Student: 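Questions regarding the structure given below will be posed in turn.
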Amino acid sequence: MSKTDWNQYSLETQAIRAGQNRTQEAEHSIPIFTTSSYVFNSAEEAALRFTGKQPGNIYSRFTNPTVSAFQERLAAMEQGQRCLAFASGMAAIMAVGMGLLKAGDHVVCSRSVFGNTVLMFQNYFGKFGVETDFVTLTDLSAWEAAIKPETRFLFLETPSNPLIEIADIEALADLAHQHDCLLIVDNVFCTPVLQKPLNLGADLVVHSATKYIDGHGRCVGGAVIGNDELIENNIYPYLRTGGATLSPFNAWTFLSGLETLAIRMKAHCDNAFELAKWLQQQPAVEKVHYPGLEEHAQHELAKRQQSHFGGVVSFELKGGKEAAWKLIDATQLLSITANLGDVKTTITHPASTTHGRLAPEVRLESGITDSLVRISVGLENINDIKADLLRGL
Ligand SMILES: *Cc1c(COP(=O)(O)O)cnc(C)c1O
């Protein structure tokens, strides 16, 4: 079945069926192809493959059947023409920069992106003469004001981590295109189940498959999805040369993760929404950040742009860092770990962990106070999660 045929099916079906190219062994499950290279029938065939005149596998740094199956499945789910997998989410973001940027170019990036993404643009692309300006995610006029003739792309995550703010993808895509720039969206928090940025006008989507796509906290991986032309001309040549390749074993793990993604996301969202409403009623809690709550500044936008409100809740406690650490240390069930998107509920103190390497003033500008706690709500029974939090509230 060709790639485009998957558009006739809904996401739940794509997640289970897309990407499988059954071999002559007639296997039902997708196999793990542990091979570094591939054999040619003749010297001529080898030459044709290497020059790209004949399609087919050459070497697993850039194509592997198990990895290809994962790519095809995720591309179908994001409604993109093509997906390339990478060794991690950061490797995928690195590939976007390496593939699209040159010295003298400019990037406008949301201030509220993953901590390592800030460091990637500032410290590493910055070192090679690419300048990045950071703006407030939800302030459309700030994005517009930051765009220069040299701007190559706008980069954002929505919802943001850890404050769960929502950007208007459609409006930012229009803005980017008016200025001949691209819009790149990190879709880790929503996954294609809740939000499809390409359909809203984004040019590329990046993923950390480590989070909800795996869903069980086992493997690290990433992906970039977009149209054939951008992927073929800008991202694929970098993957081939840069070599931050996803292993077939990890791709196989993510393939099974995708199969249950839709039902897991629904359950994560239901648990998170209930927890957010419950946290609001706790006297020790100052403020809850969750887009499902009517008080959330982008509640209406979230309803329009996403099919549900997501699995991550953050909140501020009365009593600063001391209260935050006390709550975290009092838990017995929840995992104290910075990972998210796991079936296990995880609890973290962003200011001293995920965002601890940012300068204190940058952190505060982003609204990440010392009293903030982030919970990636898992699939345990919600009453057990609440009871565990009550120990420290
Ligand atoms: C984790 C994460 C990344 C980086 O992904 P890795 O797989 O850890 O390299 C990028 N963006 C977001 C939003 C993330 O949560």
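Note that the structure is predicted; figures quoted are calculated from it, not measured. Note that ligands are numbered from 1 as they come in the structure, with each ligand's atoms numbered from 1 the same way.
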Student: Geometry only, no angles: is Thr117 polar-contacting ligand 1 at N/O separations under 3.5 Å?
Tutor: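 No; the residue has no nitrogen or oxygen that sits under 3.5 Å from a nitrogen or oxygen of the ligand.
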
Student: To check your reading of the model: name the closest protein heavy atom to atom 8 (O) of ligand 1, its residue, and the distance in Å.
Tutor: Ser208 OG, 4.1 Å

Student: Less than 3.5 Å between some nitrogen or oxygen of Asn161 and one of ligand 1, yes or no?
Tutor: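 The answer is no, given that Asn161 and ligand 1 share no N or O pair closer than 3.5 Å.
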
Student: Charged N to carboxylate O below 4.0 Å: is that the case for Glu259 and Arg73?
Tutor: yes

Student: Counting both backbone and side chain atoms, is some N or O of Gly89 under 3.5 Å from an N or O of ligand 1?
Tutor: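 It does: an N or O of Gly89 is found under 3.5 Å from an N or O of ligand 1.
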
Student: Record the part of Glu157 in heavy-atom contact with ligand 1 below 4.0 Å; permitted values are side chain, backbone, both and neither.
Tutor: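 Glu157 to ligand 1: side-chain contact only, backbone stays beyond 4.0 Å.
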
Student: Taking Arg49 first and then Glu45, would you say they form a salt bridge - that is, a charged N and a carboxylate O separated by under 4.0 Å?
Tutor: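 Yes, charged N to carboxylate O under 4.0 Å.
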
Student: State whether a side-chain donor-acceptor pair under 3.5 Å links Asp270 with His308.
Tutor: yes

Student: Looking only at distances, please establish whether an N/O atom of ligand 1 is found under 3.5 Å from an N/O atom of Met90.
Tutor: yes

Student: Near Lys211, which atoms of ligand 1 are under 4.0 Å from a heavy atom of that residue?
Tutor: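 With Lys211 as reference, the close atoms of ligand 1 come out as 1 (C), 2 (C), 3 (C), 14 (C), 15 (O).
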
Student: Closest non-hydrogen protein atom to atom 12 (C) of ligand 1, residue and atom name please, with distance?
Tutor: Asp186 OD2, 3.4 Å

Student: Return the closest protein heavy atom for atom 4 (C) of ligand 1 as residue, atom name and distance.
Tutor: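 The protein heavy atom lying closest is Phe114 CE2, 3.4 Å.
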
Student: Going by atom types only, do Gln305 and Gln298 share a side-chain donor-acceptor pair under 3.5 Å?
Tutor: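 On atom types as modelled, these side chains do not qualify, holding no pair under 3.5 Å.
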
Student: Would you call the rings of Phe309 and Tyr290 parallel, tilted or perpendicular if under 30° counts as parallel and over 60° as perpendicular?
Tutor: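 Judged by the thresholds at 30° and 60°, the geometry between Phe309 and Tyr290 is perpendicular.
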
Student: Going by the atom numbers of ligand 1, which of them fall below 4.0 Å from some non-hydrogen atom of Gly221?
Tutor: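 Within the 4.0 Å cut-off of Gly221, ligand 1 contributes 7 (O).
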
Student: Between Lys303 and Glu300 (salt bridge meaning N to carboxylate O under 4.0 Å), is one present in this structure?
Tutor: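 Yes, charged N to carboxylate O under 4.0 Å.
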
Student: Please indicate whether Tyr59 has more than 12 foreign heavy atoms, meaning atoms of other residues, nucleotides or ligands, lying under 6.0 Å from its OH.
Tutor: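 Not more than 12 within 6.0 Å, no.
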
